[in-house]
Amino acid sequence: MPELPEVEALSAFLSERLSGRVIARVQPVAISALKTYDPPVTALEGRTVKAVRRRGKFLDIEAEGLHLVVHLARAGWLRWKDALPVEPPRPGAKNPLALRVRLAGGAGDGFDLTEAGTKKGLAVHVVRDPAEVPGVARLGPDPLDPGFGLEDFAALLRGDRRRLKGVLRDQSVLAGVGNAYSDEVLHAARMSPYKLASSLTEEETARLYEALGDTLRDAVERSRGLAAGELKAEKKLGLRVHGRTGQPCPVCGDTVREVSFADSSLQYCPTCQTGGKPLADRRLSRLLK
Ligand SMILES: [Zn+2]
């Protein structure tokens with residue numbers, strides 16, 4: 001799933017290509033991806049793109065008073081095409097294409113929003129104000145906002161009795177951090193994913209705040225200037241523990257371990273994060289009871 005660094009890079013990539021261009025056609029293919037109907041997607045046609053921004057993990061393409069707000073979800077992606085096919089796209093269960101946007105002028109360039117797999121989560125909204133999208137309205141502060149300081153971070157954690165893993169990826173607490181970067185941030189901070197947010201000392205809060213900023217800035221830096229098609233591979237390369245079960249931790253050499261949940265998993269290094277002790281796999285322990 002694309003998270004803050006990838007969406008940031010995608011937004012920069014699109015900003016360069018879309019700003020000042022006129023949208024010629026918007027063609028929804030997977031109707032289920034379309035979450036709004038008023039104004040219709042076709043209302044974007046003929047409008048000039050003024051800005052492309054990231055809001056948490058959402059992409060916001062602003063075109064003269066309207067916003068095309070996209071959430072790529074788990075398996076969604078954006079593919080830039082220098083020349084889109086002329087024939088209209090055909091809907092079908094096997095077609096990963098969800099929405100096509102063609103620009104006016106040029107060689108018929110534009111982009112496709114695609115989604116692989118059967119679990120459909122990609123969401124497209126056309127709104128007058130991004131805050132009309134519930135997921136955007138709920139967003140907490142952006143960890144890369146220059147105004148987001150240690151005190152703001154401490155205030156978010158204070159009194160939160162949930163585990164750090166859950167808190168960091170809660171979009172209403174922090175905008176843009178998901179499953180992968182929460183693993184990476186916790187590894188960089190040398191903290192257990194199961195640690196309770198409310199239990200952090202001042203020193204630990206500062207360490208986690210540093211790790212959060214450093215990990216995200218580093219990932220944004222590596223993604224900068226990459227084309228949309230290169231971002232996924234770059235993300236994978238930069239991850240130290242996430243998705244690396246069984247491989248050696250790049251910091252200490254211990255084996256990266258995993259805890260599985262119903263629909264996701266987390267990875268961590270026992271030596272770096274949990275005093276060498278493996279975390280209980282809650283799914284497994286439930287089976288053994
Ligand atoms: Zn380690």
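One-based numbering along the sequence shown. Remember, it's 1-based here, ligands and their atoms both numbered in the order they're listed.
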Q: Apply side-chain hydrogen bond (donor to acceptor under 3.5 Å, both in side chains) to Arg240 and list each qualifying residue two or more places apart in sequence or on a separate chain.
A: none
(Q) Can you tell whether the side chains of Glu221 and Arg224 come within less than 4.0 Å, N to carboxylate O? (A) yes
Q) How many N, O or S atoms of the protein are nearer than 2.8 Å to the Zn ion (ligand 1)? A) 4
Q.
Quiz question: by atom type and distance under 3.5 Å, do the side chains of Thr114 and Asp112 form a donor-acceptor pair?
A. no
Q: Kindly state each residue pair satisfying side chain to side chain donor-acceptor pair (under 3.5 Å) with at least one member in residues 53-66, sequence neighbours excluded.
A: Glu8-Arg54, Arg53-Glu62, Arg54-Asp142, Arg55-Asp60, Asp60-His67
Q. Between Glu204 and Lys195, is a salt bridge (Lys or Arg N to Asp or Glu O under 4.0 Å) present by the stated rule, with each step listed?
A. CA-CA 11 Å; Glu204 287 170 327; Lys195 197 172 172 63; 3.3 Å; yes
Going by atom type alone, with no hydrogens or angles, which donor-acceptor pairs under 3.5 Å involve a side-chain atom of residues 21-31 and a protein atom two or more places apart or on another chain?
| from | atom 1 | to | atom 2 | distance (Å) |
| --- | --- | --- | --- | --- |
| Arg21 | NH1 | Asp109 | OD2 | 3.1 |
| Arg21 | NH2 | Ala104 | O | 3.1 |
| Arg21 | NH2 | Asp109 | OD1 | 2.9 |

